[in-house]
J.: 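Sharing a structure with you now.
Since the model is a prediction, treat every value here as computed from it, not as a measurement.
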Amino acid sequence: MLRSPLAALVLLSLTANLWGTPGGSPAGEFQITPPSVTLEGNFARAQLAVTACDSKGAISERSTDLTHRATYQSLRPEVVTVSPSGQLLAAGNGQAGVTVNVKGVSRTVSVTVRGVSPRPQVGFTDQVLPILSRAGCNAGACHASQYGKGGFKLSVFTSEPSNDHEAIARAYMRRRINPTDPPRSLLLLKATASIPHGGGRRLQPDSVDVRLLERWIAAGAPLTTGSSASVQDLEVWPSRRVGAVGLTQQLRVLARYSDGKQRDVTAWAKFDSTDDGAVRVSPQGLLQAVGRGQGAAMVRFEGHARISQVVVPYATSVDLRGWSDHNFLDRRARAKFEEIGIAPSPLCDDAAFLRRAYLDAIGTLPTVEETRTFLASTDPEKRNKLVDRLLGLTGDPAQDVHVNAYSAYWALKWSDLLKSNSATLGEQGMWAMYNWLRDSFRQNKPFDKFMRELITARGNPYDNGPANYFVAFSGSDGQAEATAQVFLGTRVLCAKCHHHPFERISRVDFQELSGFFRQVASKPSAGYGKLGGPSVIFVRSDDTPQTYPKNILSLPIPARLKGGKLDRRELLADWLAAPENRALARSVVNRYVAYLLGRGLVEPIDDLRETNPPSNPQLLDALADDFIKSGYDVRRLMRTIMTSRLYQLEAQPTPANAGDRRFYSHYLVKRIGAEALLDAVDAVTGVPTKFEKLPQGTRAIELPDARYENYLLAVFGKPRREGVCECERITEPNLAQALHTL
């Protein structure tokens with residue numbers, strides 16, 4: 001009887017009336033997502049997700065996934081089929097019901113199928129390439145390597161579709177496809193491991209993907225057939241789950257297209273874990289929590305990426321009665337401790353705090369007298385007052401005596417990032433940059449102004465320190481890369497050649513960002529005559545319209561954007577510092593959290609992206625908002641962190657939090673930088689180090705250049721300032737350090 005369409009619809013109607021709306025459920029049972037499905041075209045698929053409801057019939061972050069515990073049956077297999085894991089596949093046009101049964105309780109999902117044709121047209125870019133991407137064929141280690149594999153080369157992550165089509169369907173006299181006998185095509189024989197293949201089996205012989213590829217080959221392997229709409233965004237459901245070890249969750253992935261349509265692409269998406277110790281995910285999108293902590297599954301499709309985060313608490317409850325909030329930072333930290341089930345260590349003693357604060361704020365050990373005075377004080381506010389003195393925030397010149405050490409230490413940090421060295425800038429250029437940095441930190445220049453002076457600089461680099469930014473980073477591409485990494489904490493270099501592998505940043509986005517610097521040029525300085533001198537940085541007039549890289553900063557395009565004689569770098573600076581744009585603020589506060597707490601909320605600290613989420617998003621956003629509200633005041637940011645309870649915890653972990661390296665439940669011990677270490681040795685021994693070309697008494701943290709003939713600095717990792725990455729400074733211990741210390 002069920003073979004009759006009318007009978008099937010009657011049964012579907014009766015079922016819907018019995019249980020309410022399709023997919024609905026009484027309290028305490030389960031819910032189906034989505035409650036109804038429309039499949040368009042041959043090979044269209046959609047993933048069902050079945051979730052246990054609470055007593056009120058609702059689902060939450062802690063709900064249990066039942067997708068792989070349920071059983072499924074199609075009421076009209078000639079219209080739609082369903083796999084044991086709840087994946088629907090279009091079979092013929094019409095309407096049907098799919099029953100979902102969990103422990104004897106059934107629900108019915110309404111399915112509409114349309115657009116199925118006896119001779120379907122398969123699109124290369126929107127159907128064939130996603131299959132190859134999911135199989136890993138166009139990964140850098142496979143056929144997208146520099147020279148390809150076995151004479152077969154594809155572009156990285158489908159960045160050049162026309163070239164990929166040529167390689168598959170036209171190259172080598174079309175030897176990779178066989179339109180007269182598609183299953184015998186070399187492309188499929190290799191992918192299914194029917195004949196030897198160095199990459200092993202990438203597709204199952206009887207899979208839907210193989211059938212789709214066969215149909216495309218049978219049609220002559222066309223390039224243009226398919227939708228012209230492009231993917232605009234991805235949605236992963238659910239975006240977050242909280243539970244115990246062993247938690248499973250079937251993910252669903254939806255793609256939104258430029259024509260307004262939405263398509264379930266779970267079957268074609270690529271799934272990876274961002275932390276295999278916490279989360280694993282199958283190629284079909286079944287996520288499993290395998291360890292305690294916080295992890296995520298990364299989902300990629302057609303140049304877009306999203307994550308689904310999983311939190312597995314270390315304990316079901318945590319005792320925080322001894323915790324007290326010093327400021328808003330502590331409130332966010334406490335909320336994370338409660339969620340993750342970790343109790344923090346107690347406060348450190350005064351001696352540890354004193355040493356920590358001095359080394360972190362000014363890279364200097366406290367004197368014996370300062371130590372005795374601080375330890376003897378009974379003032380309950382002495383820690384806050386110490387921080388204010390170190391940062392020069394008391395307003396009293398008699399107390400703000402550490403400004404020079406503060407400016408030297410942080411000029412050293414930023415000289416590393418900005419590649420300030422005489423080998424690149426020349427002796428005079430290096431000194432001009434260093435003096436500008438010292439002065440900027442001495443006067444506590446707002447960071448948005450600091451950024452603006454650098455990326456809009458012009459003039460003689462020997463006279464104007466910030467102009468050396470365009471000497472250190474040559475060419476518009478180099479300047480775009482440096483600006484993104486230093487001020488946005490975003491690595492964009494890979495997008496110069498191909499689509500970013502873990503982000504939606506494309507080559508177009510990179511070129512648009514680079515376009516802000518294409519007006520910048522240099523010319524010989526007339527002021528130095530025949531003696532020679534630096535090249536002066538200037539801005540050419542350019543009528544080329546400038547567009548914004550919307551996938552790097554998703555902000556509206558300002559009305560001022562007209563091109564022409566306007567220095568486009570000014571527009572970029574406006575955009576970076578716009579109050580509604582947290583990107584600059586998030587990048588800076590993440591760096592300073594790493595500098596002061598031993599680890600960034602996002603690691604690596606210059607790799608902020610959606611697929612590399614912060615360990616505590618609420619804390620990062622709160623710090624960024626406060627930083628913007630303060631007028632980008634770096635000293636106030638440092639004070640907020642250093643006066644928090646979080647900063648003042650013991651470095652000694654407890655048995656309960658010993659495994660934590662992400663949530664700051666104890667203070668993370670960090671290596672003293674090479675320069676601060678040398679100064680500490682000099683202070684303790686009373687034997688100051690003399691540096692070449694510098695006055696006697698110059699401290700290591702005051703060194704303006706990258707290279708000095710000092711073995712301790714070299715062996716303990718003073719960077720050569722040849723790159724823009726924080727990773728250039730070596731922090732790992734090695735045998736040479738141990739032998740030299742002995």
Side-chain angles (χ1 to χ4, degrees), residues 325-333 357-358 360-363 381 383-397 399-415 417-418 436-456 465-466 483 486-489 573-597 600-602 605 608 614 618-648:
D325 298 332
H326 291 189
N327 55 31
F328 70 87
L329 187 154
D330 292 329
R331 290 195 292 275
R332 271 69 176 190
Y358 264 82
D360 281 347
I362 62 175
E381 289 294 310
R383 294 192 179 189
N384 291 348
K385 291 178 179 178
L386 172 66
V387 172
D388 288 340
R389 289 197 301 274
L390 291 172
L391 299 178
L393 294 174
T394 69
D396 179 1
Q399 295 191 64
D400 294 339
V401 296
H402 299 291
V403 174
N404 282 335
Y406 169 86
S407 65
Y409 184 59
W410 291 100
L412 174 72
K413 289 267 193 184
W414 283 89
S415 292
L417 280 177
L418 298 174
W436 176 80
L437 286 170
R438 283 290 298 267
D439 184 64
S440 296
F441 288 108
R442 187 179 290 111
Q443 62 176 279
N444 195 29
K445 184 177 292 179
F447 196 86
D448 59 334
K449 184 179 180 183
F450 176 90
M451 172 273 297
R452 181 182 295 274
E453 289 182 13
L454 278 170
I455 70 171
T456 64
T483 300
V486 172
F487 297 114
L488 298 176
D574 291 345
W575 198 26
L576 293 174
E580 65 270 27
N581 172 28
R582 286 177 171 171
L584 175 65
R586 284 165 59 92
S587 172
V588 176
V589 302
N590 188 58
R591 284 188 188 275
Y592 277 83
V593 166
Y595 294 153
L596 298 174
L597 292 176
L601 288 158
V602 177
I605 62 176
L608 276 68
Q618 292 75 24
L619 177 53
L620 181 61
D621 287 341
L623 281 170
D625 290 342
D626 187 68
F627 188 48
I628 295 170
K629 184 179 178 180
S630 74
Y632 293 91
D633 188 329
V634 173
R635 290 190 196 175
R636 174 173 162 176
L637 169 64
M638 292 181 63
R639 186 186 191 280
T640 298
I641 298 172
M642 295 176 70
T643 57
S644 69
R645 183 182 182 92
L646 205 63
Y647 178 80
Q648 299 177 31

J.: Minimum heavy-atom separation for Ile628 and Pro579, please, with both atom names.
T.: CD1-O, 3.9 Å
J.: Roughly how far apart are Arg586 CZ and Asp625 CG, rounded to 0.5 Å?
T.: 9.5 Å
J.: Mind listing the closest non-hydrogen atom pair of Ala585 and Ala624 along with its distance?
T.: CB-O, 3.8 Å
J.: Is the distance between the ring centroids of His402 and Tyr358 under 6.0 Å?
T.: yes
J.: Salt bridge between Asp400 and Arg389, side-chain N to carboxylate O under 4.0 Å?
T.: no
J.: Are Leu576 and Thr483 close enough that some pair of their side-chain heavy atoms sits under 4.5 Å apart?
T.: yes
J.: Given side chains that start at C-beta, do those of Arg452 and Asp574 come closer than 4.5 Å, heavy atoms only?
T.: yes
J.: Is a side-chain N or O of Asp388 found less than 3.5 angstrom from the main chain of Thr394, in a donor-acceptor match?
T.: no
J.: For Ala583, is there any backbone N or O sitting under 3.5 Å from a side-chain donor or acceptor partner on Ser587?
T.: no
J.: Tell me, do Leu488 and Leu608 make a side-chain contact under 4.5 Å, heavy atoms counted?
T.: no
J.: I'd like to check Leu637 versus Ser630 (side-chain heavy atoms, cut-off strictly below 4.5 Å). Are they in contact?
T.: no
J.: When rounded to the nearest 0.5 angstrom, what distance separates CZ in Arg591 from CG in Leu596?
T.: 13.5 Å
J.: Between Phe487 and Val588, is any pair of side-chain heavy atoms under 4.5 Å apart?
T.: no
J.: Taking Asp330 for its side chain and Ser644 for its backbone only, find out whether a donor-acceptor pair lies under 3.5 Å.
T.: no
J.: Any idea which heavy atoms bring Gly600 and Val593 closest together, and the distance?
T.: CA-CG1, 4.4 Å
J.: So, using side-chain hydrogen bond (donor to acceptor under 3.5 Å, both in side chains) as the criterion, who are the partners of Arg331 when residues are at least two apart?
T.: none
J.: Between Thr643 and Arg383, is there a side-chain heavy-atom distance shorter than 4.5 Å?
T.: no
J.: Under 6.0 Å between the ring centres of Trp414 and Tyr409?
T.: no
J.: Taking Leu329's backbone N and O only, do any of them form a donor-acceptor pair with Asn327's side chain (distance below 3.5 Å, no angle check)?
T.: yes
J.: Measuring only between side-chain heavy atoms, which start at C-beta, is Met638 closer than 4.5 Å to Ile641?
T.: no
J.: State, yes or no, whether a side-chain contact exists between Arg636 and Asp626 at a heavy-atom distance under 4.5 Å.
T.: yes
J.: What's the separation between atom CG in Leu454 and atom CG in Leu418, rounded to the nearest 0.5 Å?
T.: 5.5 Å
J.: Roughly how far apart are Phe450 CZ and Ile455 CD1, rounded to 0.5 Å?
T.: 11.5 Å
J.: Cation-pi check for Tyr632 against Lys449: NZ or CZ below 6.0 Å from the six-membered ring centre and within 45 degrees of the axis, yes or no?
T.: no
J.: Can you classify the ring geometry of Tyr592 versus Tyr595 as parallel (below 30°), tilted (30 to 60°) or perpendicular (above 60°)?
T.: perpendicular
J.: Measure across Tyr647 and Met642 and return the closest heavy-atom pair with its distance rounded to 0.1 Å.
T.: CD2-O, 3.3 Å
J.: Mind checking the CD-CG spacing from Gln399 to Leu390? Nearest 0.5 Å is all I need.
T.: 11.0 Å
J.: Are the ring centres of Trp410 and Phe447 closer than 6.0 Å?
T.: no
J.: For Phe441 and Val403, run side-chain contact (heavy atoms from CB on, under 4.5 Å): C-alpha distance rounded to whole Å, both residues' side-chain angles, the deciding distance at 0.1 Å, then the answer.
T.: CA-CA 9 Å; Phe441 288 108; Val403 174; over 6 Å; no
J.: I need the minimum non-hydrogen distance between Ala577 and Met451, along with the two atoms involved.
T.: CB-CE, 4.0 Å
J.: If you take all heavy atoms of Gly631 and Asp448, which pair is closest and at what distance?
T.: O-OD1, 4.2 Å
J.: Determine, for Tyr406 and Arg635, whether the Lys NZ or Arg CZ falls below 6.0 Å from the six-membered ring centre while staying within 45 degrees of the axis.
T.: yes
J.: If you measure from the Lys or Arg side-chain nitrogens to the Asp or Glu carboxylate oxygens, is any gap between Asp621 and Arg582 under 4.0 Å?
T.: yes
J.: Do Asp633 side-chain atoms and Pro446 backbone N/O form a donor-acceptor pair below 3.5 Å?
T.: no
J.: Spell out, as yes or no, whether a donor-acceptor pair under 3.5 Å connects the side chain of Ser407 to the backbone of Asn404.
T.: yes
